Amino acid sequence: MSTGTHARPEGAGAAEAGEAEPHGWPDLPGDTALTIRIPEANPLVRAGFPAHVTVLYPFLNESRFTPATHTDLTDLFAARPAFTLTFSEFRRYPGVLYLAPTPEAPVRALTESLTDHWPQALPYRGIFTPPLAPHLTLANDEGPDTCEAAYDALESRLAPALPLTSHVSSVQLIVTDGPGKGWRDLTTYRLGTGVSRPRESGVGPIRP
């Protein structure tokens, strides 16, 4: 899922995420993703989209969804307990400033459950080895000549707001109509509540 002017997911580079093959981008019409909203971090984000941690991008194309897909997703997330994430450490990919969630294990467990059930849904299309670690992007608009100084200054301004904690009780399914079209909400899946029907929503665009 490309963001801003970057042609790679949230600007991640080989130094942190492994080598990337030059294919698989940009976002395709009907691409979906599963994300965790972190509203407590919204005041810190400078990247032009709401604060979130990506669970799986891309998921199945929207054209491949059936009622059974939503039922399986509902059951999968209902069987996983809610959890709490803490964000206290700034980290960087080339061109990107982000917060690392602690613990990572619940997010990784969700991703693994999804890819076990839908092995065709390769994280980041399989172009990063290993896949990107869970992260919350704060800024990704600086170039190589300015990012270090700019992000040093941004860290200094944002540091008093850390640590921040967020209780995670749901996962959002979002979809895009293609490059430059943004992302819109499709469904919210609840964690740890037993089997229940997903709640439909019509919130505005978000970028994963």
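Keep in mind the model is a prediction, meaning the values are calculated, not measured. Computed over heavy atoms, backbone and side chain alike; hydrogens, waters and symmetry mates excluded.
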Whether D27 side chain and P179 backbone form a donor-acceptor pair below 3.5 Å: no
side-chain hydrogen bond (donor to acceptor under 3.5 Å, both in side chains) against R80, all qualifying residues, sequence neighbours excluded: S113
Report all side-chain donor-acceptor pairs from residues 153-162 shorter than 3.5 Å, counting only partners two or more places apart or in another chain.
unit_1 : atom_1 : unit_2 : atom_2 : d
E155   : OE2    : R92    : NE     : 3.2
E155   : OE2    : R92    : NH2    : 3.0
S156   : OG     : D152   : O      : 3.2

Sub-4.5 Å side-chain heavy-atom contact between F65 and L173: yes
Side-chain donor-acceptor pair present, Q172, T35, cut-off under 3.5 Å: no
Minimum-distance pair of heavy atoms, taken over all atoms of T111 and P123: CG2-CG, 4.3 Å
L164-V107 co-clustered via ILVMFWY side chain contacts under 4.5 Å: yes
Audit row: V96, H135, side-chain contact (heavy atoms from CB on, under 4.5 Å) steps and yes/no: CA-CA 11 Å; V96 175; H135 57 283; 5.8 Å; no
Within-4.5 Å side-chain heavy-atom neighbours: H70 and T187: yes
From I174 atom CD1 to Y57 atom OH, the distance as rounded to the nearest 0.5 Å: 10.0 Å
Partner of D31 by salt bridge (charged side-chain N to carboxylate O under 4.0 Å, His left out), out of R64, R184, R125: R125
Contact summary for P134 and V53, nearest pair of heavy atoms: CB-CG1, 4.1 Å
Exercise: do T69 and T66 side chains pair donor with acceptor under 3.5 Å: yes
F83 vs L191 side-chain heavy atoms within contact, under 4.5 Å: yes
Validation row: F77, D72 side chains within 4.5 angstrom (heavy atoms): no
Nearest atoms (heavy-atom pairs only) where I36 meets V171: CG1-CG2, 4.3 Å
Minimum-distance pair of heavy atoms, taken over all atoms of S166 and R37: OG-O, 4.4 Å
Distance-minimising heavy-atom pair for P39 and P43: O-CD, 4.0 Å
Distance-only donor-acceptor check, side chains D75 and Y189, under 3.5 Å: no
From L28 atom CG to N61 atom CG, the distance as rounded to the nearest 0.5 Å: 7.5 Å
Gap separating the OG1 atom of T54 from the NE2 atom of H52, nearest 0.5 angstrom: 4.0 Å
Euclidean distance, E112 CD relative to H117 NE2, rounded to 0.5 Å: 15.5 Å
Side-chain heavy-atom pair Y151, L138 within 4.5 angstrom cut-off: no
Value rounded to 0.5 Å, distance of CG in L60 from CG in L34: 9.0 Å
Distance-minimising heavy-atom pair for A41 and L136: CB-CD1, 3.8 Å
Ring centroid separation Y98 to Y93 under 6.0 Å: yes
Side chains of T115 and L122 in contact at under 4.5 Å (non-hydrogen atoms): no
Side-chain touch R46/T137, heavy atoms, less than 4.5 angstrom: no
Check: L73 and W118 side chains under 4.5 Å, non-hydrogen atoms: yes
Gap between atom OG1 of T102 and atom CD of E89 - 0.5 Å precision: 7.0 Å
